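Bear in mind the structure is a predicted one, so any value in this text is a computation, not a measurement. One-based numbering, in listed order, for ligands and for the atoms of each. Throughout, residue positions are numbered sequentially from 1 according to the sequence presented.
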Amino acid sequence: MSEIEWGRLNAAELNELARRDAVVIVPVASTEQHGPHLPTSVDVMLAGNVALRAARRAKDTPVIVTPVVWTGLAEHHMSLGGTVSLDYPEFFCVIRGICRSLTRQGFHRILLLNGHGGNIAALTVAVNELARELKAPIATACYWQLAEAAFGQILERQKNVRHACEAETSMMLALAPDLVDMSRAADVVGPTSREIAQVTGTSAVHRWQSFAARTSHGVIGDPRAASAEKGERLLDAAAKAVADLSGNTEFWALPS
Ligand SMILES: [Zn+2]
């Protein structure tokens, strides 16, 4: 199997991959609280693992994975502890610097693979700006949204990824069971406050809320239903969806 990790390749090998128009996956994550039963590196580990699995599955198109961007927009978790956050201007500068470096090395098919809900809006704006500035088909997607249908089939108590939930806890049980304390998962089912959609009857309205205002313990979803077996299936489903997108030459060739 050929090498897929940017950091394990040398410059000449990366130049050759640029010449072959390799797709570059940049996993973009966050470091923040994930309740009392999970470590703060959940988003880093999951986004990074899905990206590597996807690159390994890719067949005709060479796909490589950069190191994970470990901090994103997590101010909404700050008051619960364990959280490191950037503000949007800084976050945009980090993403811009990475994308600009990649395009200067000759790569242009760039997928910012998002592993953190708080980054979604920011990455969408960043992609809109950078695609024009760098004249490259830069894309962003959340792995769990790409695999939405499969995730809905695998999960029993929720439709998709929430936070420190059935899905994230399952995937962590599959990857790093020593970092998961299931004895503390029993008491942390959330949200513990009424949600905006319950009050307004619509999910169309957005308002900033801290996580602490929505859930006293930092969990949204039901981690009690988590299992390593489910986690393995979720990671594979996500990897398949990301591999399909990465290798979709028609998608990358669409005009900007
Ligand atoms: Zn997160």
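- Near the Zn ion (ligand 1), less than 2.8 Å away, sit the protein N, O or S atoms Glu32 OE2, Asp43 OD2, His116 ND1.
- By the 6.0 Å contact criterion, CD on Gln198 is enclosed, its count of non-hydrogen atoms from other residues, nucleotides or ligands being greater than 12.
- By the ring-ring contact (aromatic ring centres under 6.0 Å, His included) test, Phe107 is found to be paired with Trp6, residues two or more places apart in sequence or in another chain being considered.
- There is no side-chain donor-acceptor pair under 3.5 Å between Arg132 and Asn128.
- The aromatic rings of Phe211 and His163 sit perpendicular, their planes meeting at an angle over 60°, well past the 30° parallel limit.
- Between Gly117 and Trp144, the shortest heavy-atom contact is N-CH2, 3.7 Å.
- Checked by atom type, the side-chain pair His108/Asp21 shows a donor-acceptor distance below 3.5 Å.
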